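Note sheet for the following structure.
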Amino acid sequence: MSELYDILTETPPTRVVLLALDQGLWDCERSLAELSALCEANHMEAVAQITQKRQTPETGIVLGSGKLEEASLAAQTLGAECAVFDGELTGSQIRNISNALGGLEVIDRTMLILEIFRSRAVTNEGKLQTELALLRYRLPRLQGMGEALSRQGGGGGGGGGARRGAGETKLELDRRHVHARIDALAEKLAEMEKRRGESRKARAKTGMPVVSLVGYTNVGKSSLMNALCGPSVAEADMLFATLDPTSRKLVLPSGMAVLLVDTVGFVSRLPHNLVEAFKSTLEEAAWSDVIIRVADAGDEQREEQLAVTDEVLDGLDCADIPRLTVYNKCDKPNTLSFDPDILLTSAKTGYGLDKLLQKLDEVLSDRVHTIRVLLPYDKLGLAAPMRERGSVQVEEYREDGLYLEGIVKTEDLHCFEGYLV
C-alpha cells in the first residue's frame, strides 16, 4: 500500500479478490497488475487473483462455475470483502457472480475507475462530471438488477406477482430519477462548458501560448510540472493521484512565457462514459499550441501507453497540433532511447529539462521576436504588450525616451512600428 494512505486514513484497506477472463485479446497479466494498482488507488488490497483462459464467457456468470467456487473459497480464506472483475459486467452478470460467490460484493473495472474519480474530484465541475459518468454507466444496469429491486420493493405478504410488480415500480422510479438527474447534470455542465469557452477566448487574447502535458496516469506529469514551474501540484506514486487540470506559468529560455497545463491521465480501456463526461476537461489539449506526450521511460509498455494517449487525442481533433514526446523517469535503469525525436527527462533529478525547454522554444519560435525599441515618454503605454505578453530583458530611461530590449509576440509587432532601433 502507498504510504500516502497510511497517513491519510486509519482504516486498513479493503481486501479484494481479482477476477479475470483471459480471451487472448490483451496482456492479461499486465492488465491485472494495472487493476491491482487501481485497487490500491481506491484503498483496496488485492489478496488473490483468479484467472480463467477461455475463448467465450460462460453465459450469465462469465467465468466457469469451478473458477467461481475457487474464488469464493479464496475470499473466505483470505477475508476478502469484495471481488473486482477485470472488464465490464452487465447488471445481471454482477448479480449472478455475487450469488455464486455467496453474496460477496462484486464490481467491475469501470466501476472501480469511476469510484476513484468520484472520491478524488476536487472542483465542482469534476464532481458533476464524475456523477454524470456514474449515472450513465449505472442506467443500463438497472434492468439487470430488477430482481434484487423486486425483493427490496415487495414488502411482506402477497404472492410473487405482487412483489414483482412492486419491484418494477421501484425500477421505473429509479430510472425516472436517474434520467432526470442526468438531464440536470448535463445542463449544468453545458453552462460550465460555455463559461470555460469564454475563459479560453479571454486567455487566447493574452497571446500566451498553451502547452499541455498529456499521457498515461502515473507517468510523472505532475512531478514534471513541479520540476519546471516550482512545487505546488500534489503528486504521488499511484494511479490518478491528481484529476483536475492545473495551469501554471512557465518562462522558457528565450524569455517567452507559456501556460503549462497538466491534464487528467489516461489508462488502458478508459471507460467510454468517463471520456465523454470529462471531454470538456480533456479538450484543454485541443486548445493547446503544443502537446507534450509523456511516457514512463522505465515501463516496457510505454509505446502502448502512448498509443492509448494518441487514441484519445485523435478523438479530440488534435491532429494539427505539434507534439513532443518525452520519456520521463529516465533516472530508472534501462531507459535509454535511440530515437533523436524523443526527449529523456527526470523530474526527480532535473535531467533533460533544459533540452525540453529549448525544444519548446524551437517549436514556438514563429510566435515570438526579439526586438529593441525606443519609446518616447508620451508613448510609454506601448510597452504593455512586451511587459504583459512577452518579456523585458533590458530597460533604460534615456534622455529621448524609454529604451527596451525584449521579446514580443508576433501579433504584437505592429505596436512597435516606427520605434524599432
Side-chain angles (χ1 to χ4, degrees), residues 14-29 31-32 34-36 38-39 42 44 46-78 80-115 133-154 159-175 178 268-269 271-274:
T14 301
R15 298 165 72 85
V16 300
V17 173
L18 306 185
L19 307 177
L21 177 66
D22 185 359
Q23 297 176 274
L25 301 177
W26 51 71
D27 186 336
C28 187
E29 182 178 349
S31 185
L32 278 171
E34 183 178 87
L35 186 65
S36 179
L38 287 168
C39 287
N42 199 44
M44 293 173 164
V47 294
Q49 296 182 2
I50 306 297
T51 306
Q52 184 172 33
K53 288 187 177 183
R54 56 185 297 166
Q55 291 299 313
T56 57
E58 182 72 22
T59 303
I61 55 175
V62 187
L63 301 180
S65 57
K67 281 292 179 181
L68 290 180
E69 288 179 9
E70 181 183 343
S72 180
L73 179 60
Q76 293 177 29
T77 303
L78 299 172
E81 304 172 45
C82 178
V84 184
F85 183 78
D86 190 25
E88 285 196 5
L89 298 172
T90 64
S92 59
Q93 287 171 338
I94 290 173
R95 182 192 65 227
N96 294 338
I97 295 174
S98 178
N99 289 339
L101 297 178
L104 194 70
E105 180 186 2
V106 175
I107 64 174
D108 63 15
R109 180 188 180 91
T110 299
M111 292 169 65
L112 176 60
I113 293 174
L114 290 172
E115 176 57 29
L134 277 165
L135 291 176
R136 283 177 171 167
Y137 186 71
R138 289 173 177 168
L139 183 60
R141 286 159 177 77
L142 290 177
Q143 177 63 43
M145 299 303 292
E147 183 178 325
L149 292 172
S150 174
R151 289 196 297 267
Q152 294 172 10
R163 290 195 297 274
R164 185 162 53 250
E168 288 169 355
T169 300
K170 177 170 175 51
L171 180 58
E172 291 170 0
L173 289 172
D174 284 345
R175 280 176 172 166
V178 171
S268 58
R269 287 142 57 208
H272 175 73
N273 282 331
L274 197 56

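Everything quoted here is computed from the prediction, not taken from an experiment.
The structure places CD of Gln49 at 4.5 Å from CG of Leu32, a figure rounded to the nearest 0.5 Å. Atom CZ of Arg138 is separated from atom CG of Asp174 by 11.5 Å, given to the nearest 0.5 angstrom. Rounding to the nearest 0.5 Å places CG of Leu73 at 4.0 Å from OG1 of Thr77. Between the CZ atom of Arg109 and the CG atom of Leu112 there is a distance of 8.5 Å, given to the nearest 0.5 Å.
Side-chain atoms of Asp86 do not come within 3.5 Å of backbone N or O of Leu19 as any donor-acceptor pair. Side chain of Ser98 to main chain of Ile94: no donor-acceptor pair is present (N/O by atom type, distance under 3.5 Å, no hydrogens or angles). When atom types are taken as modelled, the side chain of Asp22 and the backbone of Gly24 share a donor-acceptor pair closer than 3.5 angstrom. Formation of a donor-acceptor pair under 3.5 Å by the Gln23 side chain with backbone atoms of Gln55 is found in this model.
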Can you list the steps and then say if Glu88 with Thr110 is a side chain to side chain donor-acceptor pair (under 3.5 Å)?
CA-CA 6 Å; Glu88 285 196 5; Thr110 299; 3.0 Å; yes

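Proximity of Glu81 to Val16: side-chain heavy atoms (C-beta onward) are nowhere separated by under 4.5 Å.
Applying the side-chain contact (heavy atoms from CB on, under 4.5 Å) test between Met111 and each of Ile113, Asp108, Leu114 identifies Asp108 as the sole match.
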Would you tabulate the side-chain donor-acceptor contacts of residues 61-72 under 3.5 Å, counting partners in other chains and residues two or more places apart, or write 'none'?
| residue | atom | partner | partner atom | Å |
| --- | --- | --- | --- | --- |
| Lys67 | NZ | Thr51 | O | 3.2 |
| Ser72 | OG | Gln76 | NE2 | 3.3 |

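A search for side chain to side chain contact (heavy atoms under 4.5 Å, CB included) contacts involving Ser36 returns Leu18, Ala46, not counting sequence neighbours. Considering only residues two or more places apart in sequence or on other chains, Glu115 meets the side-chain hydrogen bond (donor to acceptor under 3.5 Å, both in side chains) condition with Arg118.
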